[in-house]
Amino acid sequence: MTLAEVMRELQSMGTDQNRKVYRRHGIGENLFGVSFANLNKLAKAIRKDNALAGELWATGNADARNLATLVMDAETLTAKVLMGWIRSIDTYVHADLLGGKVAAKHPSAKTIMGECMKAKGDFVQQVGWDIAAVLSMDGKMSDAEAEALLEKIEAVIHKSPNRTRHAMNGTVIAVGLRGPAFKKKAIATARRIGKVEVDHGETGCITPDAEPYILKAVARKKAK
(Lines give C-alpha, C1' and ligand atoms only; values in the text may rest on other atoms or scores of the structure.)
Protein backbone atom coordinates (compact mmCIF):
# COMPACT_ATOMS: atom_id res chain seq x y z
CA MET A 1 0.00 0.00 0.00
CA THR A 2 1.13 3.55 -0.69
CA LEU A 3 1.22 6.28 1.92
CA ALA A 4 -1.76 8.03 0.31
CA GLU A 5 -3.80 4.82 0.36
CA VAL A 6 -2.99 4.14 3.99
CA MET A 7 -3.81 7.70 5.07
CA ARG A 8 -7.20 7.50 3.33
CA GLU A 9 -7.88 4.20 5.08
CA LEU A 10 -6.92 5.67 8.45
CA GLN A 11 -9.12 8.70 7.94
CA SER A 12 -12.10 6.48 7.13
CA MET A 13 -11.59 4.51 10.35
CA GLY A 14 -11.49 7.50 12.71
CA THR A 15 -14.29 8.26 15.18
CA ASP A 16 -15.23 11.27 17.30
CA GLN A 17 -15.20 9.14 20.45
CA ASN A 18 -11.67 7.90 19.84
CA ARG A 19 -10.49 11.43 19.10
CA LYS A 20 -11.85 12.57 22.47
CA VAL A 21 -10.13 9.69 24.27
CA TYR A 22 -6.78 10.26 22.57
CA ARG A 23 -6.87 13.99 23.29
CA ARG A 24 -7.32 13.24 26.98
CA HIS A 25 -4.04 11.33 26.73
CA GLY A 26 -2.22 14.40 25.47
CA ILE A 27 -2.39 13.76 21.73
CA GLY A 28 -2.85 16.93 19.70
CA GLU A 29 -5.22 17.77 16.86
CA ASN A 30 -3.38 15.95 14.08
CA LEU A 31 -5.26 12.67 14.40
CA PHE A 32 -8.19 10.70 13.00
CA GLY A 33 -9.06 8.66 16.08
CA VAL A 34 -8.48 5.08 14.93
CA SER A 35 -8.89 2.21 17.39
CA PHE A 36 -5.97 -0.14 17.93
CA ALA A 37 -8.22 -3.01 16.88
CA ASN A 38 -8.45 -1.43 13.42
CA LEU A 39 -4.78 -0.45 13.42
CA ASN A 40 -3.78 -4.05 14.12
CA LYS A 41 -5.95 -5.29 11.24
CA LEU A 42 -4.41 -2.75 8.88
CA ALA A 43 -0.89 -3.58 10.08
CA LYS A 44 -1.53 -7.27 9.42
CA ALA A 45 -2.50 -6.45 5.83
CA ILE A 46 0.58 -4.25 5.33
CA ARG A 47 3.07 -6.54 7.12
CA LYS A 48 6.54 -5.21 7.92
CA ASP A 49 7.56 -2.23 5.82
CA ASN A 50 10.21 0.14 7.16
CA ALA A 51 10.00 2.49 4.18
CA LEU A 52 6.27 2.98 4.68
CA ALA A 53 6.76 3.22 8.44
CA GLY A 54 9.15 6.11 7.91
CA GLU A 55 6.67 7.90 5.65
CA LEU A 56 3.86 7.37 8.16
CA TRP A 57 5.97 8.68 11.02
CA ALA A 58 7.00 11.76 9.04
CA THR A 59 3.35 12.85 8.64
CA GLY A 60 3.18 13.69 12.34
CA ASN A 61 -0.36 12.30 12.38
CA ALA A 62 -0.94 10.40 15.63
CA ASP A 63 -2.74 7.45 14.04
CA ALA A 64 -0.15 7.19 11.28
CA ARG A 65 2.57 7.11 13.93
CA ASN A 66 0.71 4.46 15.90
CA LEU A 67 0.52 2.36 12.74
CA ALA A 68 4.17 3.02 11.94
CA THR A 69 5.23 1.37 15.20
CA LEU A 70 3.21 -1.71 14.23
CA VAL A 71 4.74 -2.13 10.76
CA MET A 72 8.35 -1.33 11.70
CA ASP A 73 10.81 -4.21 11.58
CA ALA A 74 12.94 -3.28 14.58
CA GLU A 75 15.69 -5.76 13.78
CA THR A 76 16.45 -4.20 10.38
CA LEU A 77 16.13 -0.52 11.29
CA THR A 78 19.34 1.42 11.77
CA ALA A 79 19.87 2.80 15.27
CA LYS A 80 20.35 6.27 13.76
CA VAL A 81 16.92 6.23 12.09
CA LEU A 82 15.25 4.87 15.20
CA MET A 83 16.87 7.51 17.42
CA GLY A 84 15.68 10.19 15.01
CA TRP A 85 12.10 9.00 15.43
CA ILE A 86 12.50 8.77 19.20
CA ARG A 87 13.77 12.34 19.44
CA SER A 88 10.69 13.60 17.56
CA ILE A 89 8.16 12.02 19.94
CA ASP A 90 5.60 14.50 21.29
CA THR A 91 3.34 12.21 23.36
CA TYR A 92 3.95 9.52 25.95
CA VAL A 93 1.74 7.16 23.94
CA HIS A 94 4.31 7.01 21.15
CA ALA A 95 7.13 6.80 23.68
CA ASP A 96 5.55 3.63 25.08
CA LEU A 97 5.08 2.16 21.61
CA LEU A 98 8.54 3.02 20.26
CA GLY A 99 10.31 2.11 23.50
CA GLY A 100 8.90 -1.13 24.81
CA LYS A 101 7.54 -2.53 21.55
CA VAL A 102 10.16 -1.45 18.98
CA ALA A 103 13.45 -0.15 20.40
CA ALA A 104 13.63 -2.92 23.02
CA LYS A 105 13.77 -5.44 20.14
CA HIS A 106 16.55 -3.63 18.29
CA PRO A 107 20.01 -5.29 18.14
CA SER A 108 21.44 -2.11 19.72
CA ALA A 109 18.72 -1.84 22.36
CA LYS A 110 21.13 -1.31 25.26
CA THR A 111 22.99 1.45 23.43
CA ILE A 112 19.72 3.17 22.50
CA MET A 113 18.55 2.79 26.11
CA GLY A 114 21.68 4.54 27.39
CA GLU A 115 21.42 7.37 24.85
CA CYS A 116 17.79 7.98 25.76
CA MET A 117 18.43 7.96 29.49
CA LYS A 118 21.11 10.64 29.07
CA ALA A 119 19.11 12.78 26.64
CA LYS A 120 17.07 15.86 27.44
CA GLY A 121 13.31 15.62 27.13
CA ASP A 122 10.78 13.70 29.17
CA PHE A 123 9.52 11.41 26.41
CA VAL A 124 12.99 10.48 25.18
CA GLN A 125 14.08 9.57 28.70
CA GLN A 126 10.84 7.62 29.12
CA VAL A 127 11.78 5.51 26.09
CA GLY A 128 15.09 4.63 27.75
CA TRP A 129 13.40 3.36 30.88
CA ASP A 130 10.68 1.55 28.93
CA ILE A 131 13.47 -0.32 27.12
CA ALA A 132 15.15 -1.08 30.45
CA ALA A 133 11.98 -2.64 31.83
CA VAL A 134 11.56 -4.92 28.82
CA LEU A 135 15.22 -6.00 28.73
CA SER A 136 15.13 -6.80 32.43
CA MET A 137 11.94 -8.85 32.11
CA ASP A 138 13.21 -10.68 29.00
CA GLY A 139 16.46 -11.73 30.65
CA LYS A 140 18.57 -9.64 28.28
CA MET A 141 20.24 -7.82 31.14
CA SER A 142 22.71 -9.19 33.68
CA ASP A 143 21.99 -9.21 37.40
CA ALA A 144 24.65 -6.52 37.88
CA GLU A 145 23.01 -4.32 35.24
CA ALA A 146 19.57 -4.80 36.80
CA GLU A 147 20.90 -3.91 40.24
CA ALA A 148 22.55 -0.80 38.81
CA LEU A 149 19.16 0.27 37.43
CA LEU A 150 17.61 0.09 40.89
CA GLU A 151 20.43 2.19 42.33
CA LYS A 152 20.11 4.82 39.61
CA ILE A 153 16.33 5.02 39.93
CA GLU A 154 16.53 5.47 43.68
CA ALA A 155 19.04 8.31 43.22
CA VAL A 156 17.18 10.33 40.59
CA ILE A 157 13.50 9.35 40.32
CA HIS A 158 12.11 12.25 42.30
CA LYS A 159 14.24 14.71 40.30
CA SER A 160 13.22 13.27 36.94
CA PRO A 161 10.49 14.47 34.51
CA ASN A 162 6.87 13.34 34.80
CA ARG A 163 6.54 10.41 32.40
CA THR A 164 10.12 9.37 33.09
CA ARG A 165 9.15 8.83 36.74
CA HIS A 166 6.30 6.58 35.62
CA ALA A 167 8.66 4.54 33.41
CA MET A 168 11.25 4.29 36.19
CA ASN A 169 8.60 2.97 38.54
CA GLY A 170 7.72 0.39 35.89
CA THR A 171 11.37 -0.62 35.72
CA VAL A 172 11.49 -1.17 39.49
CA ILE A 173 8.53 -3.52 39.05
CA ALA A 174 10.15 -5.29 36.10
CA VAL A 175 13.38 -5.85 38.00
CA GLY A 176 11.38 -7.13 40.96
CA LEU A 177 9.97 -9.91 38.77
CA ARG A 178 13.39 -11.35 37.86
CA GLY A 179 13.29 -13.81 40.78
CA PRO A 180 13.18 -14.05 44.60
CA ALA A 181 16.44 -12.18 45.23
CA PHE A 182 15.43 -9.29 43.02
CA LYS A 183 11.93 -9.25 44.45
CA LYS A 184 13.48 -8.37 47.81
CA LYS A 185 15.87 -5.82 46.31
CA ALA A 186 13.18 -4.08 44.25
CA ILE A 187 10.76 -3.93 47.18
CA ALA A 188 13.48 -2.49 49.42
CA THR A 189 14.20 0.12 46.73
CA ALA A 190 10.50 0.94 46.36
CA ARG A 191 10.17 1.45 50.12
CA ARG A 192 13.10 3.86 50.18
CA ILE A 193 11.74 5.74 47.17
CA GLY A 194 8.26 6.12 48.64
CA LYS A 195 5.29 7.47 46.72
CA VAL A 196 5.97 8.23 43.05
CA GLU A 197 3.88 11.21 41.96
CA VAL A 198 2.94 11.33 38.27
CA ASP A 199 0.48 13.71 36.59
CA HIS A 200 -1.77 11.64 34.31
CA GLY A 201 -3.85 14.61 33.22
CA GLU A 202 -7.53 14.01 32.51
CA THR A 203 -7.19 10.23 32.22
CA GLY A 204 -8.05 7.49 34.68
CA CYS A 205 -4.51 6.11 34.49
CA ILE A 206 -2.44 5.65 37.64
CA THR A 207 1.15 4.91 38.55
CA PRO A 208 0.97 1.76 40.67
CA ASP A 209 2.78 1.36 43.97
CA ALA A 210 5.65 -0.95 43.10
CA GLU A 211 5.65 -3.18 46.19
CA PRO A 212 2.04 -4.45 46.09
CA TYR A 213 2.22 -4.73 42.30
CA ILE A 214 5.31 -6.95 42.52
CA LEU A 215 3.78 -9.11 45.26
CA LYS A 216 0.54 -9.61 43.30
CA ALA A 217 2.41 -10.43 40.08
CA VAL A 218 4.61 -12.98 41.87
CA ALA A 219 1.54 -14.56 43.50
CA ARG A 220 -0.18 -14.85 40.10
CA LYS A 221 2.91 -16.59 38.67
CA LYS A 222 2.94 -19.10 41.51
CA ALA A 223 -0.78 -19.80 41.07
CA LYS A 224 -0.35 -20.83 37.44
Side-chain angles (χ1 to χ4, degrees), residues 1-3 6-7 10 22 25-28 30-32 34 36 39-40 42-142 145-146 148-149 152-153 156 160-171 174-175:
M1 297 178 74
T2 67
L3 175 64
V6 174
M7 293 302 288
L10 289 172
Y22 292 159
H25 285 270
I27 292 176
N30 189 2
L31 80 163
F32 300 130
V34 183
F36 271 87
L39 286 172
N40 284 321
L42 188 53
K44 189 175 181 179
I46 294 170
R47 300 185 181 181
K48 295 300 181 184
D49 188 333
N50 282 339
L52 178 59
E55 292 178 325
L56 288 166
W57 190 268
T59 67
N61 177 275
D63 302 285
R65 287 190 164 189
N66 286 342
L67 180 61
T69 67
L70 299 178
V71 300
M72 289 175 186
D73 182 359
E75 294 185 0
T76 60
L77 280 172
T78 69
K80 182 177 180 181
V81 167
L82 185 50
M83 277 304 303
W85 290 343
I86 290 170
R87 292 183 189 282
S88 70
I89 291 172
D90 58 6
T91 169
Y92 80 87
V93 176
H94 294 146
D96 279 339
L97 291 171
L98 263 188
K101 297 184 184 299
V102 179
K105 299 176 184 177
H106 195 275
S108 300
K110 283 186 182 179
T111 300
I112 294 169
M113 176 188 77
E115 282 189 46
C116 291
M117 286 179 176
K118 292 184 292 184
K120 293 181 179 179
D122 190 9
F123 301 137
V124 179
Q125 290 181 38
Q126 176 195 339
V127 168
W129 289 100
D130 283 343
I131 295 171
V134 173
L135 295 184
S136 179
M137 286 284 290
D138 288 351
K140 295 179 180 177
M141 188 173 283
S142 69
E145 289 171 322
L149 289 177
K152 183 170 183 178
I153 292 168
V156 304
S160 297
N162 189 58
R163 292 300 308 191
T164 302
R165 294 196 298 274
H166 180 78
M168 286 179 167
N169 187 72
T171 302
V175 172

Point-to-point distance, once rounded to the nearest 0.5 Å, from CD1 of I27 to CZ of R65: 11.0 Å

Would you say the side chain of H166 lies within less than 4.5 Å of the side chain of N169, judging by non-hydrogen atoms? no

D49: which residues meet the side-chain hydrogen bond (donor to acceptor under 3.5 Å, both in side chains) condition with it, sequence neighbours left out? none

Pairs flagged by ring pair (Phe, Tyr, Trp, His ring centres under 6.0 Å) wherever residues 94-137 is involved - sequence neighbours left out: W57-H94

Taking the side chain as C-beta and beyond, is there a heavy-atom pair between V6 and L52 under 4.5 Å? yes

Straight-line distance of C116 SG to L98 CG, nearest 0.5 Å: 9.5 Å

CD of E115 to CD1 of I86: how many Å apart, nearest 0.5 Å? 8.5 Å

Table please: side-chain donor-acceptor pairs of residues 73-83 below 3.5 Å, with sequence neighbours left out.
residue : atom : partner : partner atom : Å
D73     : OD1  : E75     : N            : 3.4
D73     : OD2  : T76     : OG1          : 3.3
T76     : OG1  : N50     : ND2          : 2.9
T76     : OG1  : D73     : O            : 3.2
T78     : OG1  : V81     : N            : 3.1

Can you measure from CE (M141) to CD1 (I131) and round to the nearest 0.5 angstrom? 9.5 Å

Tell me every residue that passes side chain to side chain contact (heavy atoms under 4.5 Å, CB included) with S160, counting only those two or more places apart in sequence or in another chain. V156, T164, R165, M168

Test: salt bridge (charged side-chain N to carboxylate O under 4.0 Å, His left out). Region: residues 89-104. Which pairs qualify, not counting sequence neighbours? none

Using 30° and 60° as the class boundaries, would you call the ring planes of Y22 and F36 parallel, tilted or perpendicular? perpendicular

Hey, what do you get for CG (L70) to CG (L42), rounding to the nearest 0.5 Å? 9.0 Å

What residues, two or more places apart in sequence or in another chain, satisfy side-chain hydrogen bond (donor to acceptor under 3.5 Å, both in side chains) together with K110? E145

With sequence neighbours excluded, tell me which residues meet side chain to side chain contact (heavy atoms under 4.5 Å, CB included) with V71. A43, I46, A53, L56, L67

Is there a side chain to side chain contact (heavy atoms under 4.5 Å, CB included) between L10 and M7 once you walk through the steps? CA-CA 5 Å; L10 289 172; M7 293 302 288; 4.1 Å; yes

Report the residues that fulfil side-chain hydrogen bond (donor to acceptor under 3.5 Å, both in side chains) with N30, sequence neighbours left out, ordered by chain and then residue number. N61

Residues two or more places apart in sequence or in another chain: which of them pass side chain to side chain contact (heavy atoms under 4.5 Å, CB included) with A133? T171, A174

Counterpart residues, side-chain hydrogen bond (donor to acceptor under 3.5 Å, both in side chains), relative to D63 (two or more places apart): none

Check whether any side-chain heavy atom of D138 sits under 4.5 Å from a side-chain heavy atom of K105, and report yes or no. no

For A119, enumerate each residue passing the side chain to side chain contact (heavy atoms under 4.5 Å, CB included) test, keeping only those at least two apart in sequence or located in another chain. R87, V124

